[in-house]
Amino acid sequence: MKILADYHTHTIFTHGTGSIEDNVRVAVERGLKEIAITEHSFRHLAHGINRKKFFEIKAEIERLRAIYPIKILLGLEANLISDKGDIDVPSDILDQLDIIVLGYHKLFYTSIKQFFTFLLPNTFRPFRASRKRIEKNTLAYERAIAKYPVKILAHLGYANCTVDCKRLAEFAAKHDVLVELNGKGTYFSHNDICDMLSTDVKFVADSDAHRAKDVGISTPAACIMLRYDIPSIRVVNIDELQDIGLNKDRIDN
Ligand SMILES: [Zn+2]
Ligand SMILES: [Zn+2]
């Protein structure tokens with residue numbers, strides 16, 4: 001079981017510990033064919049990037065593309081910031097991205113209304129999510145997928161943002177969006193995984209590396225695949241690299 005592309009990695013531009021070049025170097029050493037740099041987007045409370053950093057990242061990726069024999073994608077880990085499906089990537093930045101990974105995080109800047117109706121009832125919810133809350137969260141993801149060119153749903157269920165995995169997987173499959181098996185942890189229940197496997201959705205195994213040495217490794221993904229006997233054809237970057245519909249003209253060296 002070998003990861004051939006890692007579409008979710010962080011660097012010192014937010015709170016990772018390695019440089020972009022460190023991540024790329026490890027990816028090349030491990031035989032990956034593609035790596036994405038996906039820093040936390042603009043409204044992440046503690047670690048969001050700013051415009052200056054974004055353009056530094058872009059320039060560095062362009063420099064490294066000329067040096068290393070690997071596809072390097074300019075991405076962002078966008079935040080889901082409202083129940084209307086808003087994400088925190090300005091439209092002029094959206095146009096420059098090769099890939100968008102979308103995640104719900106514990107704290108993010110949003111409107112006062114969304115703070116009380118979306119962030120607070122998820123992140124700081126002391127009890128299990130109600131049916132209504134799950135529907136609201138699922139709809140928020142669906143709206144984001146409908147509005148933006150999201151490619152990967154990162155760590156679903158993280159930070160208490162519980163969703164209806166079956167419904168969201170069906171929706172994602174229809175829109176060619178992948179469900180991530182995240183390298184830092186899994187927040188799926190047994191039923192969530194069984195439900196998603198009953199749909200046509202495809203998965204992607206990502207490291208979510210915050211250290212270069214973790215690039216290209218996703219132990220939780222390997223465990224889930226083994227435990228649930230998931231064939232590598234269901235996971236787009238294992239053993240064989242599947243076409244996930246990225247803009248090839250832009251990323252081909
Ligand atoms: Zn994340
Ligand atoms: Zn991440």
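In this chain, numbering begins with 1 at the start of the sequence shown. Just so you know, ligand 1 is whichever comes first in the structure, and atom 1 is the first atom listed for that ligand.
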- Could you pull out the atom name of the N/O/S atom in H155 that is nearest the Zn ion (ligand 1)?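 Among the N, O or S atoms of H155, the one closest to the Zn ion (ligand 1) is NE2.
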- Task: Restricting to N/O/S, name the atom of E77 that gets closest to the Zn ion (ligand 1).
- Result: OE2
Metal site the Zn ion (ligand 1): N/O/S of [X] inside 2.8 Å:
X	result
H105	yes
H40	no
D208	no

- Query: How are the rings of F42 and F54 set relative to one another: parallel (under 30°), tilted (30 to 60°) or perpendicular (over 60°)?
  - Reply: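 Tilted, since the angle between the ring planes falls between 30° and 60°.
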- Message: Can you tell whether the side chains of D164 and K136 come within less than 4.0 Å, N to carboxylate O?
- Response: no
- Message: Under 2.8 Å from the Zn ion (ligand 2) - does any N, O or S atom of H210 fall there?
- Response: no
Measure from the ring center of [X] to the ring center of [Y] and say whether it is less than 6.0 Å.
X	Y	answer
H47	H10	no
Y104	F118	yes
H44	Y109	no

